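Here is the structure we will look at, set down as structure tokens.
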Amino acid sequence: MLTHLDQLEAEAIHIMREVVACFENPCMFYSIGKDSTVMLHLARKAFWPGSVPLTLLHIDTTWEFAEMGHFRDRLARQHNLDIKVWVNNDALKNGVHPIESGSVVYNDQMKTQALKQALAHFGFDAALGGARRDEERSRAKERIFSVRNSQQQWDPKNQRPEPWNIYNTKISKGESVRVFPLSNWTELDIWMYILREQIEIVPLYYSAPRLSWQDDASGIILALDDERMLPYLSASEKASLSERTIRFRTLGCYPQTGAVESTAKTAEAIVMEMIAARTSERDGRLLDKDQTASMERKKREGYF
């Protein structure tokens, strides 16, 4: 008899095989986070003993934790993966910055616009992503196979039915599809699967002493990954700068990614934390707090 995790795994593998069978130039969006690393593990299972028949696409904002880039490069070498890294260099030349430009402009230029540029440049007609419906309200609205128009935009009122897990993969010229194999997973499912499969993930998810400060506006704990942020800290933030035993539930650009105080150093310990948790992992994502209904707006404009 299949367990709950077996069923989720089988569904995700079926979805991935549908994408590879039905689209000419599919890719997998690889953010280096736990969800996309689980998705990559599933892809390796889905096409074993062959190699993963998907290009991995990483949108690099240049402000992600350095440890994430090291992990990505080592994983690519270890599993012989085809990873394309894309940076919105025009935005960098124009001085787009996570603090000076404000979070709305920064995330639009370095994430949404960068992703749209990369998808257009490489001509991908389908892109697998690791988003889950339990993460955020607008993501709960989205189908597993989600059509985007020629401008990579999403219309939540124009989605295809998916009865009995039957997926319509037909698209018109210029359209593309975002596909979410982990839609029905929860954060706890992800961690239980990491534990069961012994999946290696970025060590930032595990508790360790890290130099960090408390953000004045939100009260969120943020880790200092390099010296670029020091000139932007207020006097009170500099005073709060100290070594804390923390870990991250979600990863992204370090000036916008909150940590949680925790002693969980193993996947098993994190599973126990998750069972008792009463807050969303995205409570620590400052980009979700930049304006009302911001995630749905960003998704309509092309954000993953």
Side-chain angles (χ1 to χ4, degrees), residues 1-21 26 28-54 56 71-72 75 78-79 81 126-137 139-146 162-167 178-207 247-251 260 262 264-283 304:
M1 183 175 179
L2 291 178
T3 66
H4 174 62
L5 287 181
D6 289 334
Q7 291 173 338
L8 290 173
E9 179 188 72
E11 179 187 54
I13 286 175
H14 166 65
I15 291 166
M16 290 178 175
R17 288 172 175 167
E18 283 286 292
V19 169
V20 170
M28 179 184 293
F29 180 54
Y30 187 57
S31 69
I32 321 175
K34 67 184 186 307
D35 302 294
S36 59
T37 301
V38 163
M39 187 170 62
L40 175 58
H41 178 84
L42 289 163
R44 293 180 59 233
K45 273 195 165 187
F47 304 105
W48 181 264
S51 58
V52 176
L54 294 155
L56 271 63
F71 180 84
R72 176 200 66 202
L75 205 65
Q78 183 179 346
H79 299 299
L81 302 170
L128 289 154
R132 309 184 322 267
R133 287 176 177 146
D134 76 320
E135 289 181 87
E136 197 271 337
R137 284 177 294 179
R139 285 181 168 166
K141 296 179 181 181
E142 194 155 28
R143 300 291 192 266
I144 291 176
F145 280 69
S146 182
E162 294 176 341
W164 306 291
N165 293 333
I166 297 173
Y167 307 112
R178 309 276 178 93
V179 185
F180 304 99
L182 305 183
S183 288
N184 294 322
W185 297 54
T186 65
E187 184 185 10
L188 179 59
D189 292 330
I190 292 291
W191 277 108
M192 290 179 67
Y193 192 72
I194 289 170
L195 177 61
R196 188 184 85 170
E197 300 287 304
Q198 294 296 290
I199 300 171
E200 183 184 8
I201 58 172
V202 182
L204 290 159
Y205 284 109
Y206 298 116
S207 178
R247 72 176 191 88
F248 297 87
R249 292 176 68 183
T250 181
L251 291 177
V260 294
S262 168
K265 297 180 180 180
T266 65
E268 186 174 16
I270 290 174
V271 166
M272 298 306 295
E273 271 194 358
M274 290 298 95
I275 291 171
R278 294 292 179 268
T279 58
S280 166
E281 66 197 287
R282 295 195 71 90
D283 283 355
F304 226 110

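On a predicted model such as this, the values are computed, not experimentally measured, just so you know. No hydrogens, no waters, no symmetry mates; every other heavy atom, side chains included, goes into these values.
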Can L40 and L75 be said to form a side-chain contact (heavy atoms from CB on, under 4.5 Å), step by step? CA-CA 10 Å; L40 175 58; L75 205 65; 3.5 Å; yes
If only atom types and distance count, is the side chain of R247 paired as donor or acceptor with the main-chain N or O of Y205 below 3.5 Å? yes
Before you tell me yes or no, could you show the steps for V19 and L128 under side-chain contact (heavy atoms from CB on, under 4.5 Å), namely the whole-Å CA-CA distance, both residues' side-chain angles and the distance that decides it to 0.1 Å? CA-CA 8 Å; V19 169; L128 289 154; 4.0 Å; yes
How far apart are the closest heavy atoms of M39 and G130, and which atoms are they? CE-N, 3.7 Å
Polar side-chain atom of K34 near backbone of V202 as donor-acceptor pair, under 3.5 Å: no
Going by salt bridge (charged side-chain N to carboxylate O under 4.0 Å, His left out), name the residues that satisfy it together with E197, two or more places apart in sequence or in a different chain. K45
Tell me whether S207 contacts the main-chain N or O of S262 through its side chain, where contact means a donor paired with an acceptor under 3.5 Å. yes
Contacts of R44 that satisfy salt bridge (charged side-chain N to carboxylate O under 4.0 Å, His left out) - sequence neighbours left out: none
For A12 and P181, the nearest pair of non-hydrogen atoms, with its separation, is CB-O, 3.7 Å
Looking at R143, is its backbone amide N or carbonyl O close enough to the side chain of S146 to form a donor-acceptor pair, meaning the two atoms are under 3.5 Å apart? no
Residue set satisfying salt bridge (charged side-chain N to carboxylate O under 4.0 Å, His left out) with K265, at least two apart, ordered chain then number -> none
The side chain to side chain donor-acceptor pair (under 3.5 Å) partners of T37 (sequence neighbours excluded) come to Y30
With the side chain counted from C-beta on, respond yes when I190 and R132 share a heavy-atom pair under 4.5 Å apart, and no when they do not. yes
Side chain to side chain, W191 and I199, heavy atoms closer than 4.5 Å: no
Quick one: do Y167 and F145 satisfy ring pair (Phe, Tyr, Trp, His ring centres under 6.0 Å)? Show the steps, please. CA-CA 7 Å; Y167 307 112; F145 280 69; 4.7 Å; yes
For E142, is there any backbone N or O sitting under 3.5 Å from a side-chain donor or acceptor partner on R133? yes
Any salt bridge between D6 and R196, counting N to O under 4.0 Å? yes
Taking atom CD of E268 as the centre, report whether more than 12 heavy atoms of other residues, nucleotides or ligands fall under 6.0 Å from it. no
Can you tell me how far CG of D189 sits from CD of Q7, rounded to the nearest 0.5 angstrom? 11.0 Å
Scan for side-chain hydrogen bond (donor to acceptor under 3.5 Å, both in side chains) pairs involving residues 10-21, sequence neighbours excluded, and state none if there are none. E11-N184
Using a 4.5 Å cut-off on heavy atoms from C-beta on, say whether the side chain of I144 contacts that of I15. yes
Which of these, D134, T250, I270, sits in a side chain to side chain contact (heavy atoms under 4.5 Å, CB included) with E187? D134
By salt bridge (charged side-chain N to carboxylate O under 4.0 Å, His left out), E200 pairs with (sequence neighbours left out) R74
